[in-house]
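Computation of the quantities below employed the complete heavy-atom set of this structure, encompassing side-chain atoms and omitting hydrogens, waters and symmetry-equivalent molecules.
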Amino acid sequence: MSLSPMPDRAPAPERVIARVRPHARALFGPTALLIVVCAALGYTTSILTVPWQQLAALGVGVAFIVVGWLVPLVFWLARNYTITTRRTVLRSGVFVRSRQEVLHSRTVDVTVRKGAVQTVFGTGDVLLNVGTHRPVVLRDLPSPDLVASALHELIERNSTDRLVR
């Protein structure tokens with residue numbers, strides 16, 4: 001009778017659990033500015049009668065819209081977090097893209113931190129402690145307690161999978 005070695009258990013494929021982005025509250029100020037500038041443009045262009053003055057007012061208004069609304073929107077869209085079964089990926093940046101990965105097997109602790117304004121809006125920061133380094137911060141996430149509990153479960157599942165192998 002011969003004993004054959006047990007076949008190694010193949011690791012499960014990595015699946016995306018969630019894709020999240022910071023709370024859209026960051027766009028409230030720029031959107032209010034957009035509404036005010038559009039109203040001011042409508043009023044100003046109706047008062048001014050000389051075409052070059054209307055064009056100058058329109059140019060200034062468009063510059064305010066680009067700097068005050070479009071740039072913050074692009075920066076908000078450029079930051080996102082992807083949580084998979086094995087890691088958390090942080091992506092940010094418009095001109096220089098930055099990507100940071102945190103393996104769940106290396107994560108020691110998950111902490112939720114909420115400020116006063118964040119508590120009112122139901123958002124918070126999720127800190128991933130990876131040991132000796134500074135914690136990795138997922139900033140201003142909606143439902144941070146749900147994200148933290150999902151990360152706790154994934155970290156625990158990864159640690160038990162390592163023990164089984």
Side-chain angles (χ1 to χ4, degrees), residues 8-41 60-165:
D8 286 339
R9 198 172 108 196
E14 185 174 19
R15 291 186 342 258
V16 173
I17 303 298
R19 293 181 205 276
V20 290
R21 148 178 345 274
H23 195 269
R25 178 183 73 244
L27 298 177
F28 178 77
T31 303
L33 177 72
L34 173 70
I35 293 169
V36 167
V37 168
C38 288
L41 273 176
V60 168
V62 168
F64 269 110
I65 289 172
V66 167
V67 171
W69 180 75
L70 191 61
V71 170
L73 176 69
V74 169
F75 276 94
W76 180 78
L77 288 172
R79 177 178 298 269
N80 63 18
Y81 310 112
T82 304
I83 300 170
T84 70
T85 53
R86 292 194 187 137
R87 60 192 164 169
T88 300
V89 182
L90 295 78
R91 288 187 192 98
S92 64
V94 176
F95 301 112
V96 177
R97 296 289 293 173
S98 172
R99 176 186 167 114
Q100 184 177 8
E101 294 185 12
V102 178
L103 295 174
H104 295 313
S105 59
R106 304 251 183 217
T107 304
V108 178
D109 183 38
V110 177
T111 307
V112 175
R113 182 177 59 195
K114 296 179 184 180
V117 175
Q118 289 177 326
T119 303
V120 170
F121 285 98
T123 64
D125 299 337
V126 176
L127 286 75
L128 303 175
N129 189 356
V130 289
T132 59
H133 304 293
R134 287 188 342 221
V136 175
V137 181
L138 309 177
R139 297 198 185 281
D140 206 25
L141 293 182
S143 304
D145 296 323
L146 179 64
V147 172
S149 66
L151 285 169
H152 277 296
E153 186 177 320
L154 289 168
I155 291 166
E156 185 176 326
R157 187 177 297 158
N158 271 347
S159 66
T160 57
D161 284 350
R162 277 186 300 170
L163 293 176
V164 170
R165 288 187 201 170

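- Across all non-hydrogen atoms, the minimal contact from P22 to P142 is C-CD, 4.4 Å.
- Note that CG of L27 and CG of L34 are 11.0 Å apart. Values are rounded to the nearest 0.5 Å.
- A side-chain donor from one of D109 and T111 sits under 3.5 Å from a side-chain acceptor of the other.
- Between the CD atom of Q118 and the OG1 atom of T123 there is a distance of 4.5 Å, given to the nearest 0.5 Å.
- The CZ atom of R87 sits 11.0 Å away from atom OG of S105, with the distance rounded to the nearest 0.5 Å.
- For the atom pair R157 CZ and H152 NE2, the distance stands at 14.5 Å (nearest 0.5 Å).
- G124 and P144 make their closest contact through N-CG, 3.5 Å (heavy atoms, listed as atom of the first residue, atom of the second, distance).
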request  = Go through the steps for H23 and R139 under the test side-chain contact (heavy atoms from CB on, under 4.5 Å), then give the verdict.
outcome  = CA-CA 9 Å; H23 195 269; R139 297 198 185 281; over 6 Å; no

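- For R134, the CZ atom is loosely surrounded, since the number of other residues' heavy atoms within 6.0 Å does not exceed 12.
- Distance check, rounded to the nearest 0.5 Å: CG of N158 to CG of L154 gives 7.0 Å.
- Relative ring orientation between F95 and F75 is described as perpendicular, the plane-to-plane angle rising above 60° on a 0-90° scale split at 30° and 60°.
- G68 and P30 get closest at one heavy-atom pair: O-CB, 3.2 Å.
- Exactly one residue among L138, I83, V136 makes a side-chain contact (heavy atoms from CB on, under 4.5 Å) with V102. That residue is V136.
- In this structure a side-chain-to-backbone donor-acceptor pair under 3.5 Å is present from D125 to D140.
- At least one donor-acceptor pair closer than 3.5 Å links the side chain of R97 to the backbone N or O of G93.
- Nearest approach of F64 to L33, heavy atoms of both residues: O-CD2, 4.2 Å.
- Applying the side chain to side chain donor-acceptor pair (under 3.5 Å) test between T84 and each of R19, H104, R15, E14 identifies E14 as the sole match.
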task = I would like to know whether L151 and T107 meet side-chain contact (heavy atoms from CB on, under 4.5 Å); could you show each step before the answer?
result = CA-CA 10 Å; L151 285 169; T107 304; over 6 Å; no

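- The shortest non-hydrogen separation linking P135 to L127 is CG-CD2, 4.1 Å.
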request  = Given side-chain contact (heavy atoms from CB on, under 4.5 Å), test I65 with C38 step by step and report yes or no.
outcome  = CA-CA 8 Å; I65 289 172; C38 288; 4.2 Å; yes

